[in-house]
Every structure is written in C-alpha cells, then in structure tokens.
Amino acid sequence: MRYELMLPNQIRTAIEERWPVVLPLGVLEYHGEHMAVGMDTLAVVRMLELVEAEMNIVILPPFYYGAASYAVAGPEGSGTVQVGGNVLAPFGEALFHGLLRIGFRNIHAIIHHQTENFAAGMPTDLAFKAAGRQAIFRMLEEKSGEGWWGDDAMASYYSEHGEGRNPFNWIQVHPLMSPEILAEYPFDHAGQGETSLMLALCPEAVDMARLAENKGWYTATAKDASAELGARGRDLILARLLTLLKQD
Ligand SMILES: [Zn+2]
C-alpha cells in the first residue's frame, strides 16, 4: 500500500504483521537527452509497485533529493539536483526515527544510483545507512535507557540475533540490483541497461527520437536498448526483491 493512502487501522495491521516498509531512495540526475532525470528513482518506484502486487508492503513517498553529484554533468540546463550527504544524514535520521516511533521495525531503503560498489558506498546510501544506525541507537536508548546493552537482561543478545531479533536489522539499505543481477544485466548510466529498464518500467520517461542529440560517451550503447532486455532486468530484480523483503 502507498503510505500516504493508509488509514491508521491499516498502519497498525502493517506494524503487527511486520510488513516491509520501503523507502524508494534516489536522485534527480542528467541521463542524456533521451531520458528523464528521475530515472534512478523511477526504477525503484515502479519495481516496488510490481512487488506490491505480489506481497504486502508499505511504499513510502519516494525521496528524490539525494546526492546526484555533478560527475555526469553540471546542473545548468541539465536538470541534475545535488544535495550533499552531510545534509541528507540528519534528515534521514529524523525520518527513520519518526518511522520507528510509529512502531515500524522492518524498514528498508532501496536505491539505484551509484550502487556498483555498494559495500564501499557512495554519499546518498552512506548517509542513509548512517542515519539508520543513529536512529536505532537513539530509539534503543530512549526505550531501554543508557547502558541497555550492558544490562544483565541483554546477556543473551547475540544468541537472540539467531532468532531474528537483531535491532540493527530494523532499518536496512539495499541496492536495487544485487551483484548477481549485475553479472547478468548491463549496468551503466543512461546506456543500454538503464534505457532498456525504463522502456520496460516507465516508457514515458524515454524518448528514443532524441538519441542523436546525445554527446556523452556513456549514452553510446543506448541505441541498443529494448523493452525486451529491460523486461529481463525487471524480472531479475523482481525475484530478488521478493526474496529480500520476504526474509523477515
Ligand atoms: Zn541512472
């Protein structure tokens, strides 16, 4: 369900049944002359709509204002919006803390932007990962007091992790495409992979007639894009998201 459409009784059901609460996390960034600036975030939103058809999840309003960076193009006339990770972190902490206060304990953010080396991280995902950790510590200290971890009642802390009670799983940040998917599907910026994915998920965000106006090297492969290839990527991502979000 879309969070903004939920009634309080539905929210309470989602809390009790531990529905995954998912934040589409992304940026607004220049993706060549042939594709919309919201591509990275739109891909997450559209994929989550497909997940929602298969299982109970809460889709939060997407957050588009991540750290796009000016690596691809400067902002003038390109449409790229850059908000630095140092600004995002306190926002993310406040958002996650607010979601924990509501009662959610199965929160996920999913991002597609700059995720090819996700373990090392990039500004947007690092900011939201740190934000999640900070929000969890804050919540634990508010609920259980300072010294919560050192208390005798916590002696079984690590064995309870095996039973799925690790509080640091309350908030997780994931890339849209896992390394397994990247091995099977082209990862690029505004090239064949992303253009195909948009043709399959959100064709209104692509205008193939404008391909010839592109100047960037990274768009050279976009001419080989197809909705069929995008559909293969979509199916790989859908299977992986269903497994990921059903885990808990
Ligand atoms: Zn992209």
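Numbering of ligands and ligand atoms starts at 1, following listing order. Note: hydrogens, waters and symmetry copies are ignored here, and every other heavy atom, side chains too, is used.
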Enquirer: Any salt bridge linking Asp235 with Arg232? Criterion: basic side-chain nitrogen under 4.0 Å from a carboxylate oxygen.
Expert: no
Enquirer: Measuring from Leu42:CG to Met39:CE, what's the distance to the nearest 0.5 Å?
Expert: 8.0 Å
Enquirer: Salt bridge check: are Glu93 and Arg138 linked by an N-O gap of less than 4.0 Å?
Expert: yes
Enquirer: Examine His31 and say whether one of its N/O/S atoms is closer to the Zn ion (ligand 1) than 2.8 Å.
Expert: yes
Enquirer: Drop me the distance from Ile237's CD1 to Leu50's CG, to the nearest 0.5 angstrom.
Expert: 10.0 Å
Enquirer: Do any of the N/O/S atoms of Glu29, backbone or side chain, fall under 2.8 Å from the Zn ion (ligand 1)?
Expert: no
Enquirer: Nearest N/O/S atom of Asp40 with respect to the Zn ion (ligand 1), by atom name, please.
Expert: OD1
